[in-house]
Amino acid sequence: MRKPLMAGNWKMYKNAGETTAFFEKFLPLVAGSAHADVVIGAPFVNLPAAVAATAGSKVEIGAQNLFWAKEGAYTGEISGPMLVGVGCKWVIIGHSERRQYFGETEETVLKRTLAALEYGLKPIVCVGERLEERESGSTEAVLKAQFDGGIAPLSDAQFGLITIAYEPVWAIGTGKTATPEMAADAHRYLRSLVAGKYGAEAAAKTRILYGGSVKPDNVKGLMAQPEIDGALVGGASLDAVGFASIVNF
Ligand code: 13P
């Protein structure tokens with residue numbers, strides 16, 4: 001009942017020309033992929049090129065962050081209305097790289113998510129434990145703190161509009177994927193938190209994506225887990241043929 005969502009996170013890669021070239025190759029490969037929703041999270045400056053290249057296709061475009069104010073004296077920031085204005089539909093929020101390098105906290109994740117919803121963007125909210133947290137057995141405590149602080153203050157209606165991405169930090173860009181069973185355990189735990197706060201029906205509807213070294217050769221095993229509703233793909237989303245084969249797992 002949950003339609004898979006296959007999302008690419010391009011991080012700080014590709015220029016406008018490379019963006020257009022990617023979609024020229026990619027779109028024909030996923031034109032028939034009715035089984036999944038497809039999103040690409042592009043760098044801010046390439047959003048117009050990405051939106052133009054995907055016009056009339058099934059692929060929707062997302063940003064990788066936003067600031068929560070509508071406008072104002074916030075040098076260097078980008079607002080929700082600016083993203084909507086260039087045709088962006090989605091936004092990735094709270095990615096571990098933003099938590100690690102740019103001071104993202106539960107509080108700012110929540111503010112960004114509320115702003116995204118206010119301006120009509122669909123948030124993909126990222127959670128996940130670091131290696132030392134997994135090794136010390138505190139994965140569930142970390143996920144609970146991230147859920148309680150960054151997500152659970154949302155109203156039922158607001159929560160119904162978000163997607164959660166579970167990205168174990170130790171699996172990002174390292175080639176170390178969580179095994180399908182490890183990912184499914186974390187997804188089950190997150191879904192239990194959703195059920196506890198928003199009820200069983202909301203828990204059954206919420207899409208929880210897995211992210212962390214998803215590749216064409218491991219996506220099938222991950223997607224075979226009923227708990228895993230899609231993928232948030234970094235490195236392997238940069239290649240049109242590779243990402244198309246992930247979409248078409
Ligand atoms: P990799 O797929 O490169 O490990 O990155 C995952 C990620 O951070 C997606 O948001």
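Indexing begins at 1, ligand by ligand and atom by atom, following the structure's order. The chain is numbered in sequence order, starting from 1.
- Heavy-atom contacts of Ser213 reach the following atoms of ligand 1: 1 (P), 2 (O), 4 (O) (cutoff under 4.0 Å).
- The aromatic rings of Tyr198 and Phe159 lie parallel to each other, their planes meeting at an angle below 30°, with 60° marking the opposite boundary.
- Scanning the protein for heavy atoms near atom 9 (C) of ligand 1, the closest one is Glu167 OE2, 2.9 Å.
- With atom 4 (O) of ligand 1 as the reference point, the heavy atom nearest to it among Gly173, Ser96, Gly234 is part of Gly173.
- In summary, Lys205 and Glu201 engage in a salt bridge, as defined by a charged side-chain N under 4.0 Å from a carboxylate O.
- Contacts with ligand 1 closer than 4.0 Å are made by heavy atoms of both the backbone and the side chain of Ile172.
- Look at Lys215 and you'll find every heavy atom at least 4.0 Å from all atoms of ligand 1.
- Residue contacts with ligand 1 for Ser237 are absent, since no atom lies close enough (heavy atoms, distance under 4.0 Å).
- The ligand atoms of ligand 1 that sit less than 4.0 angstrom from a heavy atom of Lys11 are 5 (O), 6 (C), 7 (C), 8 (O).
- Per-residue contacts place His95 under 4.0 angstrom from the following atoms of ligand 1 (heavy atoms of the residue considered): 7 (C), 8 (O), 9 (C), 10 (O).
- Salt bridge status for Glu167 with Arg99: absent, with no side-chain N to carboxylate O gap under 4.0 Å.
- The shortest side-chain heavy-atom distance between Leu27 and Leu29 does not fall under the 4.5 Å cut-off.
- Put simply, part of Gly212 is less than 4.0 Å from ligand 1, judged by heavy atoms.
- Considering backbone and side-chain atoms together, Asn9 places an N or O closer than 3.5 Å to an N or O of ligand 1.
- Ligand 1 places these atoms under 4.0 Å from at least one heavy atom of Ala171: 4 (O).
- Considering Phe26, Phe22, Phe44 in turn, Phe22 is the only one that fulfils the ring-ring contact (aromatic ring centres under 6.0 Å, His included) rule with Trp10.
- Looking at Arg112 and Glu104, a side-chain N of the basic residue comes within less than 4.0 Å of a carboxylate O on the acidic one, giving a salt bridge.
- Atoms of ligand 1 found under 4.0 Å from any heavy atom of Gly235 (numbered from 1 in listed order, with element): 1 (P), 2 (O), 3 (O).
- Note on Asp37 versus Lys89: no salt bridge recorded, every NZ/NE/NH1/NH2 to OD/OE distance being 4.0 Å or above.
- Distance check: Lys197 NZ to Ser192 OG gives 14.5 Å after rounding to the nearest 0.5 Å.
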